[in-house]
Amino acid sequence: MSYINLFIANLVRFYFLICIPFLFVFFSCKKTSVHPVDFYYWRTNFSLDDTEKEYLEKTEAGNLYIRFFDIDNEGKIPLPKAKIKPFDGTEISLTYIPVIFITNRTFSSVSDDDLKMLAEKTVSLIDEIILFNDLPEYEEIQIDCDWTENTKNVYFRFLKLLEEKSGKEITCTLRLHQIKYREKSGIPPVKKGYLMCYATSDPKGETDQNSILDISLLKEYTKNISFYPLAYDIALPLYGWGVVTNHTGEIKLINGLTEKELNPEDFEKVSTHTYKARKDLFLRGMYLNKGFTIRIEKVSPSLLKEAKEYLNKKIKKDYRIVYYHLDKKFLEQFTIEELK
């Protein structure tokens with residue numbers, strides 16, 4: 001081998017030995033993304049126990065999205081419902097962000113004058129809750145509504161009115177179907193949305209898939225998410241429920257139900273997550289006959305990890321993760337590291 005060839009070979013070997021470790025570190029860093037964590041609070045009685053405070057602290061949560069009240073239109077007049085009860089706003093030092101859940105039917109038959117009044121009253125009630133509970137000044141209002149093609153124009157008008165009346169930044173939740181079918185659903189007139197990566201299917205449907213979070217459906221509905229024109233953060237589930245089926249196939253839900261609550265004396269385990277009532281009894285105020293079945297659906301640490309890994313690869317931008325929701329019974333199923 002000539003001296004020139006030997007020199008080139010040694011030079012290549014040198015760069016190989018020097019560069020490979022840096023490339024390894026570079027790609028390792030690219031694969032690991034840390035997304036800041038926030039939480040929803042969805043109970044009417046605001047009370048945090050030590051476990052919930054610990055998770056807020058150790059996940060370094062920056063924001064707490066609190067459902068202040070709901071709005072529904074049971075007749076012709078939209079009315080607030082399930083208003084959060086008074087609480088101590090100084091209990092924790094986080095940024096409180098008011099969230100208002102509004103039913104889609106509220107926007108199905110409302111005049112423009114009523115819409116203006118609804119925006120005014122919504123802002124007024126939010127300010128009343130902020131003042132009464134000694135909460136710090138807020139900069140954002142989040143609206144949670146599963147709008148449809150038929151109600152989008154009225155709903156979007158409401159969002160603009162709310163911005164005008166409040167002087168705050170208005171944000172809103174985004175369902176998966178509103179991402180997939182954005183041409184029909186429309187793009188809400190806000191600066192930012194919160195993509196709800198849960199409730200992927202109907203729990204009352206005839207399927208054995210987890211209706212809270214089905215990864216295959218999540219992938220299907222977000223395959224073109226890179227084209228969505230609105231900035232967004234990600235909402236992920238930390239909850240479960242019981243799907244109760246009676247003798248005629250009618251289905252009802254018991255929110256927040258866990259397997260720990262199904263006493264072996266009262267329920268026979270018939271499959272991995274399905275139980276059958278051994279006798280007539282009440283469960284969480286619901287009357288069950290002998291033979292009724294309950295399928296427990298929840299989000300396991302492994303399922304949550306799979307969803308986070310998929311989204312981390314799919315979404316080529318920074319985002320925050322908002323967990324739904326802050327509740328000790330579900331928090332304790334995850335380690336701090338599994339949520340960070």
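A distance of 6.0 Å or more separates the ring centres of His325 and Tyr41. Tyr324 has its ring centre less than 6.0 Å from the ring centre of Trp42. Under the 6.0 Å cut-off for aromatic ring centres, Tyr275 and Phe267 do not qualify, their centroids lying 6.0 Å or more apart. Taking the six-membered ring for Trp and the full ring otherwise, Tyr96 and Tyr65 have centroids separated by 6.0 Å or more.
For the pair Arg284 and Glu261, the salt-bridge criterion is met [side-chain N within less than 4.0 Å of a carboxylate O]. Ionic pairing of Lys290 and Asp266 is not present here: no N-O contact between side-chain nitrogen and carboxylate oxygen is shorter than 4.0 angstrom. A salt bridge links Lys223 to Glu220: one of the charged nitrogens lies within less than 4.0 Å of a carboxylate oxygen. Ion pairing between a basic and an acidic side chain is recognised when a charged N comes within 4.0 Å of a carboxylate O; Lys165 and Glu120 show such pairing. With salt bridges taken as basic N to acidic carboxylate O contacts below 4.0 Å, one links Lys168 and Glu137. Remark: Lys116 engages Asp112 in a salt bridge, criterion side-chain N to carboxylate O under 4.0 Å.
When each of Leu176, Val322, Ile179, Asp144 is checked for a side-chain contact (heavy atoms from CB on, under 4.5 Å) with Met196, only Asp144 meets the rule. A side-chain hydrogen bond (donor to acceptor under 3.5 Å, both in side chains) with Thr151 holds for exactly one of Thr106, Asn104, Asp146; it is Asn104.
Tyr221 carries Lys180 over the face of its six-membered ring, with the cationic atom under 6.0 Å from the centre and within 45° of the normal.
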I'd like a table of donor-acceptor pairs (distance under 3.5 Å, sequence neighbours excluded) in which one partner is a side-chain atom from residues 224-244, with atom names and distances.
unit_1 : atom_1 : unit_2 : atom_2 : d
Asp233 : OD1    : Arg320 : N      : 2.9
Asp233 : OD2    : Lys192 : NZ     : 2.6
Trp241 : NE1    : Glu297 : OE1    : 2.8

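Distance alone, capped at 3.5 Å, places no donor-acceptor pair between the Asp214 side chain and the Ser201 backbone.
By the 4.5 Å heavy-atom criterion applied to side chains, Lys308 and Lys305 are not counted as neighbours.
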